[in-house]
Amino acid sequence: MSAALQHPSPRQARLRAARSFARRFRRNPLGMAGLFIGLALIFMAIFAPLLATHDPYAPDFAARLTAPGWNYWLGTDELGRDIYTRILYGSRITIFIVALVVFTSAPIGLLLGVVSGYFGGWVDAVLMRITDVFLAVPKLLLALAFVAVLGPGIVNAALAITLTAWPPYARLARAETLAVRNADFVAAIALAGASPWRIITRHIFPICYSSMLVRVTFDMAGIILIAAGLGFIGLGAQPPLPEWGAMIASGRRFIFEQWWVAAMPGAAIFIVSLGFNFLGDALRDLLDPHAKVRQ
Amino acid sequence: MIKIDNLDVWYGAGARETHVVQGASLHVERGQSFGLVGESGSGKSTILRAISGLVPRWGGAMSIDGIDARDGHRGPQRPKYLRKVQMVFQDPFASLHPKRLVGEAISEPMKINKMDDISERTDALFAAIGLTPSHRYRYPHELSGGQRQRIAIARALALEPDVLLLDEPTSALDVSIQAEILNLLERLRQERGLTYLIVSHDLAVISHMCSRLAVMSQGRIVETLDRDVLAHGKAREQYTRDLIAASR
């Protein structure tokens, strides 16, 4: 055994594992590009007031529909508001929605899927039929119906997306659980007297984390698109909030003459979704146990 | 210490039901090392899993040190039962959680059972299995097969049981490591006064480790005999003689 393998503390052992992961991740250029885009998005959201060149809400009718140029980098919209500034502030809304959806739907899906797979029998049958019902309804339609009931707004849009986003996580977590529930290490901890709850949360959850992380990263792109879609049809963020989908909707009327009004937020959505897909691809190459077998 | 009378185990249900163990009986004295040999599928591992409570349906009577297995598998007697009997699994790659440090694997059973001085006990167990405490903070994939099996043995010893059920403890290891693990097990048995029930398809392992053994075939115990009977080739049953002949 080499000296480098001596771990004096659990923290260092985990740090070591993280470092080796980072080393392998750095070899994937597309993944690094995706990570850069994700970090840039967060950076934009945090420092929006410092990076902004104008006020995101104050109209300036003298500057209506100005083409991109020196003063307005990405042009202005029909109220003369700077599109660059609005995209900056819009990144906050995007991150808020994505985070809200991810932090609600992933734990719900994980818990239901693992419980379903671990206990099996009628618990599994009931939970999976509920999951099937949610999966059978088209995503945007279910979100639409939900927003129609609760009223438009960012939080309601996020909750609506959550409602449609958890079933695939439940399926995934169940599949991972079925693969390990009869494994010897689960039998061993059960023989140590562990309760089902302890086995589920401490031993089966960690098995699911990596495939969940991959799936969540891929889904972030989809969440951004659905959120923008809801904003576009007027059921997500409401004006004057600079939500990217709503911005595209307002630019629709001028799309042939003043293309930048719709194209700039569209490009923002495109770049961020692409970034999360790159990131998801890279994570899958590194984390997906099934992909490893194929290599 | 271990009393099994007329054990039946079934897997599956309805048309796919298989009668894996049929009327098996065996008694193991305290401090004894008892072997179960037989071909693959003869039901020997299933007996260990039945004692551990890992099979869904069984009939007959089993008890460990006077605790009835039916009480021990669930209910208020379970913690007491589990501190009497623990199991070491065949494959040390599958029996350790891939994402948890091996030190946690050993300390967690003690935490669950609210034992005290867990850190000191963990260090002592690492010393007992011939590893250093610095191995605590490693992941299973950073250890060799033999080291992992030592960890699995230490985990089984964490609750200070009287009985260890050993399911093919060396068959997943390199030949060069097998003897080390067997010697470790023998030393631990003498130091701690443990009772072993060892399953193996390898007659050499059983005759090295066990004073008494039972031969299984197709779910039944064919013959129970002492080691010296085995050594002198005086087995009663033809099946046992064939097995001995095949292993030479």
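Keep in mind that what you see is a predicted model, and the values were worked out from it rather than measured.
- Contacts between Arg49(B) and chain A at a heavy-atom distance below 4.5 Å involve the side chain alone, from C-beta outward.
- One finds the OH atom of Tyr137(B) at 12.5 Å from the CZ atom of Arg11(A) (value rounded to the nearest 0.5 Å).
- Contact record, Gly193(A) with Ile112(B): O-CG2, 3.5 Å, taken as the closest heavy-atom pair.
- Within a 6.0 Å sphere centred on NZ of Lys139(A), other residues, nucleotides and ligands contribute more than 12 heavy atoms.
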Q: Assess whether side-chain contact (heavy atoms from CB on, under 4.5 Å) is satisfied between Arg16(A) and Glu142(B), documenting all intermediate values.
A: CA-CA 11 Å; Arg16(A) 205 186 118 74; Glu142(B) 295 172 325; 3.3 Å; yes
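- Checked for salt-bridge contact, Glu104(B) and Arg202(A) miss the test: no charged N lies under 4.0 Å from a carboxylate O.
- Contact detail for Leu82(B) and Ala190(A): the closest heavy-atom pair is CD1-O, 4.2 Å.
- Contact detail for Leu191(A) and Ser52(B): the closest heavy-atom pair is CD2-O, 3.4 Å.
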Q. Going through the checks in order, is the side-chain contact (heavy atoms from CB on, under 4.5 Å) test met by Leu96(B) and Asp184(A)?
A. CA-CA 8 Å; Leu96(B) 294 173; Asp184(A) 285 347; over 6 Å; no
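- The two residues Ala13(A) and Tyr139(B) have their closest heavy-atom pair at O-CE1, 3.8 Å.
- Other residues, nucleotides and ligands contribute more than 12 heavy atoms inside 6.0 Å of the OH atom of Tyr209(A).
- Your options are Lys111(B), Arg100(B), Arg155(B), Gln86(B), and the one with the most heavy-atom pairs under 4.5 Å with chain A is Arg100(B).
- By number of non-hydrogen pairs under 4.5 angstrom with chain A, the leading residue of Gly53(B), Ser95(B), Ala152(B), Pro79(B) is Ser95(B).
- When each of Lys99(B), Met110(B), His97(B) is checked for heavy-atom pairs under 4.5 Å with chain A, His97(B) comes out on top.
- Across all non-hydrogen atoms, the minimal contact from Asn113(B) to Ala192(A) is ND2-O, 2.9 Å.
- Residue Phe103(A) qualifies as open at atom CZ: its count of foreign heavy atoms under 6.0 Å is 12 or below.
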